[in-house]
Novice: 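Can you keep this structure in mind? I'll have questions shortly.
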Amino acid sequence: MTAGETVRGWLHGAMAGRLAGVFARLGMADLITEGNGTLDALARACDMAPERAIRLLRGFADIGLCAEDASGTFTLTEAGALLGKGSELNDVVRLMTDPVTERAWAAVEAGVRSGRGGFHEAFGMSIFEHMDGDPELRTRYDRFMGGHTVAIAEEVGEHHDFGRYRRVIDVGGGDGTLLAVLSQRYPELRGRVFDRADGDFLREVPAGADAYLLKWILHDWPDDEAVTILRNCRAATPPHGRVLVVELILPERGSPDRPRDPALTDLNMLTIYGGRERTRDEFEWLFAQAGLAVELVTPLPSGMSLIEAVPM
Ligand SMILES: C[S@@+](CC[C@H](N)C(=O)[O-])C[C@H]1O[C@@H](n2cnc3c(N)ncnc32)[C@H](O)[C@@H]1O
């Protein structure tokens with residue numbers, strides 16, 4: 001592929017991604033699976049004139065989500081079948097092409113200039129504050145996070161012995177998926193989710209646990225706030241307790257283990273949350289600022305790591 005084709009491929013990809021968002025939102029995979037693959041039936045189900053719907057359907061076919069046969073009937077491809085309603089990929093595609101996400105990414109440059117991220121520039125608030133006023137988006141967000149979290153929760157339970165704790169608090173635990181999975185493996189474990197409905201981890205984290213879990217929390221925040229969250233966890237942790245953080249640890253620049261697109265992942269964290277991805281040294285610095293010492297880092301099969309820290 002020439003360099004010019006590569007650049008055109010990105011632009012084409014941006015359009016294709018948006019089209020996949022329409023496919024997911026319309027529930028096309030389910031409509032076609034349910035046997036409504038003719039143009040008329042699909043157009044009716046989408047409440048669209050057939051002569052207009054055909055352009056959209058051929059767009060879906062063009063990017064490989066479905067195929068049109070000689071009689072004008074559409075069937076699902078393998079990729080299209082992955083986008084059924086309620087599937088993990090359907091949630092990912094819908095969130096990444098949601099008008100809210102699009103508006104944040106449209107402000108990517110302003111967000112880098114200010115350091116506060118595109119979302120803050122576009123909406124004047126954080127995505128979490130925005131979702132307080134958009135319960136439908138919040139529900140979809142929680143389902144998306146929960147879907148991602150199930151597999152990682154299994155790994156966390158397998159690679160760390162939670163049998164040694166009396167009580168765990170999942171700080172920013174969303175819909176409680178992580179604790180639910182851990183409780184299946186450790187039925188004796190007592191746990192509680194602490195999220196926005198219960199308080200604000202930038203102000204205080206409740207006492208009473210001997211382990212504080214933070215999965216995908218620190219990368220949502222810039223350094224000052226990340227240190228504040230860790231300090232609040234440190235203040236709640238008894239001397240024998242642990243702060244357990246599950247995050248992607250970026251390998252140092254130039255390392256062969258470095259993921260293919262760390263800069264894009266990092267920019268997405270800045271754009272949507274105002275946060276950042278970090279290397280091990282950067283994490284250790286955050287913990288030290290909060291009076292915590294990193295005792296152990298356990299790499300998990302998914303590529304995430306479990307960082308175990310103790311009060312200094
Ligand atoms: C990226 S999600 C991670 C959810 C969950 N830990 C997981 O990994 O599936 C971040 C979570 O932090 C919560 N959160 C954001 N700001 C918060 C605050 N100030 N106090 C408590 N929770 C907060 C959000 O509501 C959200 O559930």
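Both ligands and their constituent atoms are indexed starting at 1 by order of listing.
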Novice: Closest by any non-hydrogen atom to atom 21 (C) of ligand 1: pick that one out of Tyr141, Phe201, Tyr273, Trp216.
Specialist: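 Nearest heavy atom to atom 21 (C) of ligand 1 lies in Phe201.
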Novice: Does Tyr165 have Arg242 sitting over its ring (NZ/CZ under 6.0 Å from centre, angle to axis within 45°)?
Specialist: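 Relative to the ring axis of Tyr165, which defines the angle, Arg242 lies outside at least one limit.
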Novice: Can you check side-chain hydrogen bond (donor to acceptor under 3.5 Å, both in side chains) on Ser302 and Glu155, steps first, answer last?
Specialist: CA-CA 8 Å; Ser302 59; Glu155 297 180 352; 2.8 Å; yes
Novice: At less than 4.0 angstrom from any non-hydrogen atom of Gly199, what atoms of ligand 1 do you find?
Specialist: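 That gives atoms 20 (N), 21 (C) of ligand 1.
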Novice: Among Ala197, Gly172, Gly176, Gly174, which residue places a heavy atom closest to atom 6 (N) of ligand 1?
Specialist: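 Going through Ala197, Gly172, Gly176, Gly174 one by one, Gly172 has the nearest heavy atom to atom 6 (N) of ligand 1.
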Novice: Are Arg138 and ligand 1 in contact, using a heavy-atom cut-off of under 4.0 Å?
Specialist: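 Heavy atoms of Arg138 do come under 4.0 Å of ligand 1.
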Novice: Working to the nearest 0.5 angstrom, can you tell me the gap between Met28 CE and Leu42 CG?
Specialist: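 Reported to 0.5 Å precision, the distance equals 5.0 Å.
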Novice: Can you confirm whether the side chains of Thr279 and Asp281 place a donor and an acceptor under 3.5 Å from each other?
Specialist: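 Absent: no donor and acceptor within the cut-off.
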Novice: Assess, by modelled atom type and distance only, whether the side chains of Asp69 and Ser71 contain a donor and an acceptor separated by less than 3.5 Å.
Specialist: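 Result is yes, a qualifying pair exists.
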Novice: Among all protein heavy atoms in this structure, tell me which lies nearest to atom 19 (N) of ligand 1, with the distance rounded to 0.1 Å.
Specialist: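 Going by distance alone, atom 19 (N) of ligand 1 is nearest to Asp200 OD1, 2.8 Å.
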Novice: Where's the contact between Val171 and ligand 1, heavy-atom distance under 4.0 Å: side chain, backbone, both or neither?
Specialist: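 Looking at Val171 and ligand 1, no heavy atom falls under 4.0 Å.
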Novice: Could you check whether the rings of Trp221 and Phe128 sit parallel, tilted or perpendicular, using 30° and 60° as the cut-offs?
Specialist: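 The rings of Trp221 and Phe128 lie parallel, inter-plane angle below 30°.
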Novice: What are the atoms of ligand 1, with element, lying closer than 4.0 Å to any heavy atom of Thr149?
Specialist: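 Those qualifying, in numeric order: 7 (C), 8 (O), 9 (O).
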Novice: In terms of atom number and element, which parts of ligand 1 are under 4.0 angstrom from non-hydrogen atoms of Lys215?
Specialist: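 Answer, ordered by atom number: 3 (C), 5 (C), 6 (N), 7 (C), 8 (O), 9 (O).
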Novice: Around atom 10 (C) of ligand 1, find the nearest protein heavy atom and jot down its residue, atom name and distance.
Specialist: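 I find the closest protein heavy atom is Asp220 OD2, 3.3 Å.
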Novice: Which atoms of ligand 1 sit under 4.0 Å from any heavy atom of Ile217?
Specialist: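 Result: 10 (C), 11 (C), 12 (O).
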Novice: Got the closest protein heavy atom to atom 25 (O) of ligand 1, with its distance?
Specialist: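 The closest one turns out to be Asp195 OD1, 2.6 Å.
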Novice: For the pair His160 and Phe162, name the ring-plane relationship: parallel under 30°, tilted 30 to 60°, perpendicular over 60°.
Specialist: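 Answer is perpendicular, since the angle exceeds 60°.
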Novice: Check each atom of ligand 1 against the heavy atoms of Met145 and keep those under 4.0 Å away; list them by number with element.
Specialist: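 What qualifies from ligand 1 is 1 (C), 9 (O).
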Novice: Angle between ring planes, His219 versus Tyr273, binned at 30° and 60°: parallel, tilted or perpendicular?
Specialist: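 Parallel, since the angle between the ring planes stays under 30°.
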Novice: Of all heavy-atom pairs between Ala122 and Arg103, which one has the smallest distance, and what is that distance?
Specialist: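 Scanning both residues completely, I find the closest heavy atoms to be O-NH2, 2.9 Å.
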Novice: Using a 4.0 Å cutoff against the non-hydrogen atoms of Trp221, which atoms of ligand 1 qualify?
Specialist: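 In order of number, 16 (N).
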